[in-house]
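What follows is a set of notes on a single structure, which appears directly below.
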Amino acid sequence: MDMLTIQGGTPLRGTVRVEGAKNAALPIMAACLVVRGQVQLAQVPDLVDVATMTQLLQSLGCVINRTKTQTATIDADSANRSFADYELVRRMRASICVLGPLLARFGKAQVSLPGGCNIGHRPIDLHLKGLAALGADLRIENGYVVATATRLRGADVELGGPSGSTVTGTCNVMVAAALAKGRTTIRSAACEPEVVDLGNFLNAAGAQISGLGTSVVEISGVESLQGVTHTILPDRIEAATFAIAAAATRGNILIPNARTEDLTSVIDALRVMGVRIVSSSAGLEVSCHSELQPVDIVAMPYPGIPTDTQAQFMACLCTVQGVSKVRDAVFPDRFMHAAELLRMGANLQRHGDLTVVHGGQRLTGASVMASDLRASAALVIAGLAATDQTTVRRIYHLDRGYARLEEKLTALGAPVSRVPDSSNTADVQPPHFKLQKRSERTIL
Ligand code: EPZ
């Protein structure tokens, strides 16, 4: 059980590279179930969630090797199970991404329902609606989705929900439709870059998908998909997290491999705050040269401000004089981080899906508890901006989506250390969350 200690008050300065995108790597790894032969993936991030997906695919019979840092070879030819066990699925909601591939591969699937989540209600009704439109028969039994399909067939599928489209739902339907008989049109498809990366991977393997990145995706089913080599796109959420951290500490950083085109709404919001952002061949440069201004943030589906950056923006806006408003139109209850920010001296008022931030007073270091992945990142940002020391506990949440964060922040000049948490306040860390030291980890 580890925790982070952060000595606040140092502006971040220097260069930091981001990893491959977690939310592209996970559905692409799952999609390997429908690809014949070996898939070679590059820029696979070294994360707990990737380790969980690896274990899940291995439990289904896939052979996976991490030949060197950030590359993986996946061979699903020997996959022989279509049952995704609760013990694995409960660790990571993205496990649901194997549902579509298993149906397409075996004509049947049993996938545990993911269970609760700290960021709010996360149904899978749109996943089931989309797969049913392709001809699957799905029912819920003893906490599992039990699905069968003699032959998936193309259809016109509507994936819009009350909060917009569904990212992993679009992934599930796209993979299943890639091997269905006939044409599929997915309307209200998710446009996130991670969904586009999955579509590009499938097309490289022989799929026929068009309209990627738009809300109407057309798919002509093919007989089979063949093994390919694919490089996962850079993680826009990690890049946004570092950009927001630079703003919160009034620093100056360069992110050489940030994809500006994936970050337009985040960049726009930071510029409205007065942050200087320059995109060049060297990468994305983020710097502060004047007092920052308050801003209203509304987290929306892509290309809006990502909900996965909402907590980080809130932490940063606590340091900005004036009144800012933060609303999450995707996950209206995604404010677990607010309670911990209050303990650091933030002045926040919650009104349903909106939190009003009365920023400007200096945050003070405290011992805080992470509750979910992006809330953890928000608490780290608050600690970087606060006076004296902050201790962030339960950082197994952080390790799900950020690789070696303490090393990267230290390289940017911030005194951040990962130390054992022997306190009795630390909850029992689920064994699967234990992040082995890099030296201990066996890369096969
Ligand atoms: C993906 O989750 C991401 N995870 C999340 O990132 C991200 O926050 C989310 O998309 C929104 O961008 C991965 O890609 C692995 P959704 P997903 O289905 O697919 C509602 C992180 O921190 N909805 O797009 O589970 C849902 O309640 C994680 O990296 C339905 O109503 O999210 C929500 O309001 C957290 N019915 C909205 O749609 C459904 O069947 C968006 O959810 C599915 C979703």
Side-chain angles (χ1 to χ4, degrees), residues 25-36 39 49 52-64 74-115 117 122-155 157 159 166-182 184 186 190 195 198-199 201-202 205 207 209 219 221-225:
L26 296 175
I28 288 172
M29 289 173 73
C32 290
L33 282 162
V34 296
V35 177
R36 290 181 184 169
V39 171
D49 275 7
T52 302
M53 181 59 81
T54 299
Q55 283 180 277
L56 175 56
L57 293 175
Q58 287 170 333
S59 75
L60 300 172
C62 297
V63 176
I64 301 182
I74 299 177
D75 190 328
D77 287 353
S78 52
N80 54 8
R81 292 186 74 214
S82 59
F83 178 84
D85 187 85
Y86 173 67
E87 274 314 305
L88 282 166
V89 173
R90 72 187 177 86
R91 301 181 191 174
M92 179 182 68
R93 286 188 52 81
S95 305
I96 197 69
C97 288
V98 301
L99 178 59
L102 287 174
L103 254 183
R105 170 74 182 268
F106 297 113
K108 61 179 181 176
Q110 252 190 287
V111 179
S112 168
L113 286 167
C117 180
R122 299 184 76 182
I124 61 166
D125 58 306
L126 296 174
H127 296 241
L128 306 184
K129 174 186 173 187
L131 295 172
L134 297 179
D137 171 53
L138 306 114
R139 63 185 189 281
I140 306 296
E141 231 169 60
N142 306 110
Y144 280 78
V145 176
V146 180
T148 54
T150 43
R151 181 73 167 95
L152 291 169
R153 60 182 183 281
V157 181
L159 282 186
T166 164
V167 171
T168 50
T170 302
C171 293
N172 261 328
V173 173
M174 195 157 67
V175 174
L179 291 168
K181 188 172 177 54
T184 295
I186 304 178
V195 175
L198 170 64
F201 164 75
L202 293 170
I209 303 172
I219 303 151
V222 296
E223 278 304 309
S224 65
L225 299 175

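Throughout, residue positions are numbered sequentially from 1 according to the sequence presented. Below, each value reflects all heavy atoms present in this structure, side chains not excepted, and no hydrogens, waters or symmetry copies.
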What is the distance from atom [atom1] of [X] to atom [atom2] of [Y], rounded to the nearest 0.5 Å?
| X | Y | atom1 | atom2 | value |
| --- | --- | --- | --- | --- |
| Ile219 | Ile186 | CD1 | CD1 | 3.5 Å |
| Thr52 | Arg90 | OG1 | CZ | 10.5 Å |
| Asn172 | Ile96 | CG | CD1 | 6.5 Å |
| Leu102 | Lys108 | CG | NZ | 10.5 Å |
| Leu198 | Ile209 | CG | CD1 | 7.0 Å |
| Leu57 | Leu88 | CG | CG | 10.0 Å |

- Item | Student check: side-chain heavy atoms of Arg93 and Ile124 closer than 4.5 Å | yes
- Considering only heavy atoms from C-beta outward, does the side chain of Val39 approach that of Asp75 to under 4.5 Å? no
| said: Surrounding CZ of Arg36 (heavy atoms of other residues, nucleotides or ligands, distance under 6.0 Å), is the total greater than 12? | reply: no
Measure across [X] and [Y] and return the closest heavy-atom pair with its distance rounded to 0.1 Å.
| X | Y | answer |
| --- | --- | --- |
| Leu131 | Val173 | N-CG2, 4.2 Å |
| Leu26 | Ala94 | CD1-CB, 3.7 Å |
| Leu152 | Ala104 | CD1-CA, 3.8 Å |
| Thr166 | Ala190 | O-CB, 3.6 Å |
| Ala177 | Thr184 | CB-OG1, 3.6 Å |
| Cys171 | Val195 | SG-CG2, 4.1 Å |

Quick note, salt bridge (Lys or Arg N to Asp or Glu O under 4.0 Å) partners involving residues 137-154, not counting sequence neighbours, are Arg139-Glu141, Arg151-Glu223
For side-chain contact (heavy atoms from CB on, under 4.5 Å), just list the numbers for Leu138 and Val146, CA-CA rounded to whole Å, side-chain angles, deciding distance to a tenth of an Å, and then say yes or no.
-> CA-CA 6 Å; Leu138 306 114; Val146 180; over 6 Å; no
Contacts of Ser112 meeting side-chain contact (heavy atoms from CB on, under 4.5 Å) (sequence neighbours excluded), chain-then-number -> Tyr86, Val89, Tyr144
request  = Apply side-chain contact (heavy atoms from CB on, under 4.5 Å) to the pair Met53 and Val98, showing each step before the final yes or no.
outcome  = CA-CA 9 Å; Met53 181 59 81; Val98 301; 4.2 Å; yes
By side chain to side chain donor-acceptor pair (under 3.5 Å), Thr168 pairs with (sequence neighbours left out) His127
